[in-house]
Amino acid sequence: MNLNRSRHAPPRASAMIESLRGLGYSASTALADLIDNSISAGADQVDLVFQWKGAESNIRVLDNGGGMTDAELDKAMRLGERDPRDLRGTGDLGRFGMGMKTASFSQCRRLTVASRKGGETSCLRWDLDVLARSGNDGWLLLEGPHEASDHLLDVLEGPNGTLVVWEVLDRMVTPGFSEQDFLDLLDRIEAHLAMVFHRYLEGHHPKLILKINGRSLVPWDPFLAGHPATSSSPVERMQTASGMVEVQWHVLPHKDKLDPGTHESAGGKDGWTAQQGFYVYRNERMLLAGSWLGLGSPRPWSKEEAFRLTRIRLDIPNSADEEWKIDIRKSVARPPVSVRNRLTRLAEDARAHARRVFAHRGHVSPGNAQAVAHAWRVDQGVSGVRYRIDENHPAVQGVLEGAGALLPALKAMLRVIEETVPVQRIWLDTAEAQETPRTGFAGEPAAEVAAILGAVFRNLVERRGYSPSEARARLLHTEPFHDYPELVAALQDPEHEKDSQ
């Protein structure tokens, strides 16, 4: 066999592009790719316009970036024109030189791009129906807009900027697709873009103004960084072969610490449980939202209710694409072996903290605070975990010490309670309601809490010899009364109560 012989074997244009349409973009991820290009071109404002006209509906993306000359636009419209191995600018959000085309083809059959640079306008378009009719005539890149779409270019004003137009939206506007479906799709796209570009949209002077049909997007911060009940770790930096990686975990507040509107918004587009895990960013652009990245020991972690408050920010440089296996849709990231152990340890800390917040409905004592006396303890034995009432709890201990002849009966009653804790029912209710059952007098009238607190206080003072100040100090570190410091402070000395009567 002669290895020096070769044949020219270009792909058939129509068949190749039809195949590329199946890469797996959604409308949201496809539009995010277009916005990446606008940011890389220096744009600080991008306007998306969704126009419903049935089968003639269109979507337009206009930016105020640097624009392109005719030669630059010609290059940008060709598939695979840039080598993904080439060095990119530190702020470049691209990689494969395919994003704008493959993202657009995944949603429409006619892609028109018009660009102005230095006051000169250039316009090229791909039309998949024209390619299909052309047979083997090659990659026919058409000049100018479609004759029925010339008016859409009127918005391209000023010296610089670029307009992308999607028409013949065959992957969106399918038979039976209505205007309401179009509006619902717009809502999903808005939620996705507000998440993906939230770091560009935040602050009084944002890096980017992003509008949909004239309305500015409100950024969605997955970490609730400004909320006083959010817990955050210090930023950890890891030097890798491809650059510096930054990691910081956040444990979001329990539902009881949030108003209903904030709780619903913070749940994100997929809900609290689905949004847990790592949030991977490249140049502050979110690539991946809510994934454990295959980490975990002894087996990869799955998404569980107990860890739903855990969200971890992970920043990688754009020089790390190959090392982290970033795919063409920017929707997959795999940590390299060099950082997996450190990421796992950091995530374990975050998950442990989140579990405590979830289990105690947000009432977690600071690490340097006096330990809280809990009413229940967890015994880990060879036969498994068992839950026991802690007889050293003031409310329990006081009754047992004064029980006299009733002590055996009281201890038998406590043992029956311990052996009949409805663990399975609690687990089911927690999983189905997606929150822990209410405890600690949550939602109960203050008067009821005060009455029970008063009974325990009197027992400590009159039966167990505590001074009133000592009893109050003990109750401030006793479950569940440690959550009611005002009621503890208002407790009256038993002698004072008698005098007032």
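Note: hydrogens, waters and symmetry copies are ignored here, and every other heavy atom, side chains too, is used.
Lys269 is linked by a side chain to side chain contact (heavy atoms under 4.5 Å, CB included) to Ala191, His192, Met195, Gln275, counting only residues two or more places apart in sequence or in another chain. Residues that satisfy the side chain to side chain donor-acceptor pair (under 3.5 Å) test with Gln180, not counting sequence neighbours, are Asp184.
Of the residues Leu208, Leu210, Leu201, Val196, the one that meets the side-chain contact (heavy atoms from CB on, under 4.5 Å) test with Pro219 is Leu201. Screening Glu167, Arg60, His146 for a side-chain contact (heavy atoms from CB on, under 4.5 Å) with Thr112, the sole residue that qualifies is Glu167.
The stretch residues 335-346 participates, sequence neighbours left out, in these side-chain hydrogen bond (donor to acceptor under 3.5 Å, both in side chains) pairs: Glu236-Arg342. Among pairs with a residue in residues 212-227, those fulfilling side-chain hydrogen bond (donor to acceptor under 3.5 Å, both in side chains) read Glu190-Arg215, at least two apart in sequence or across chains.
The aromatic rings of Trp139 and Trp126 sit perpendicular, their planes meeting at an angle over 60°, well past the 30° parallel limit. The aromatic rings of Phe182 and Phe177 sit perpendicular, their planes meeting at an angle over 60°, well past the 30° parallel limit.
In terms of heavy-atom proximity, Cys108 sits nearest to Leu128 at O-CD1, 4.1 Å.
Side chains of Thr310 and Trp249: a donor-acceptor N/O pair is absent below 3.5 angstrom, by distance only. Judged by distance alone, the side chains of Asn64 and Asp44 do bring a donor and an acceptor atom under 3.5 Å apart. With no hydrogens or angles considered, a side-chain donor-acceptor pair links Arg116 and Thr121 at under 3.5 Å. Side-chain contact of Asp47 with Gln45: a donor-acceptor pair under 3.5 Å is present, judged by distance alone.
Side-chain atoms of Ser26 come within 3.5 Å of backbone atoms of Thr29 as a donor-acceptor pair (strictly under, hydrogens ignored). Panel note: side chain Lys101, backbone Ala76; a donor-acceptor pair is recorded below 3.5 Å. Without hydrogens or angle criteria, Glu264 side chain to Gly261 main chain gives no donor-acceptor distance under 3.5 Å.
Taking the six-membered ring wherever Trp is involved, the centroid distance between the rings of His198 and Tyr281 falls below 6.0 Å. Checked against a 6.0 Å centroid threshold, the rings of Tyr279 and Phe223 count as neighbours.
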I'd like a table of donor-acceptor pairs (distance under 3.5 Å, sequence neighbours excluded) in which one partner is a side-chain atom from residues 296-303, with atom names and distances.
residue, atom, partner, partner atom, Å
Lys303, NZ, Ala274, O, 2.5
Lys303, NZ, Gly290, O, 2.5

If you look only at distance, which donor and acceptor atoms sit under 3.5 Å apart when one is on a side chain in residues 237-247 and the other is two or more places apart or in another chain?
residue, atom, partner, partner atom, Å
Arg237, NE, Glu246, OE2, 3.0
Arg237, NH2, Glu246, OE2, 3.4
Thr240, OG1, Ser242, N, 3.4
Thr240, OG1, Ser242, OG, 3.4
Thr240, OG1, Gly243, N, 3.3
Thr240, OG1, Gly243, O, 2.6
Ser242, OG, Glu323, OE1, 2.2

Verdict with supporting geometry, Glu143 and Leu124, side chain to side chain contact (heavy atoms under 4.5 Å, CB included) | CA-CA 5 Å; Glu143 297 183 350; Leu124 296 172; 3.9 Å; yes
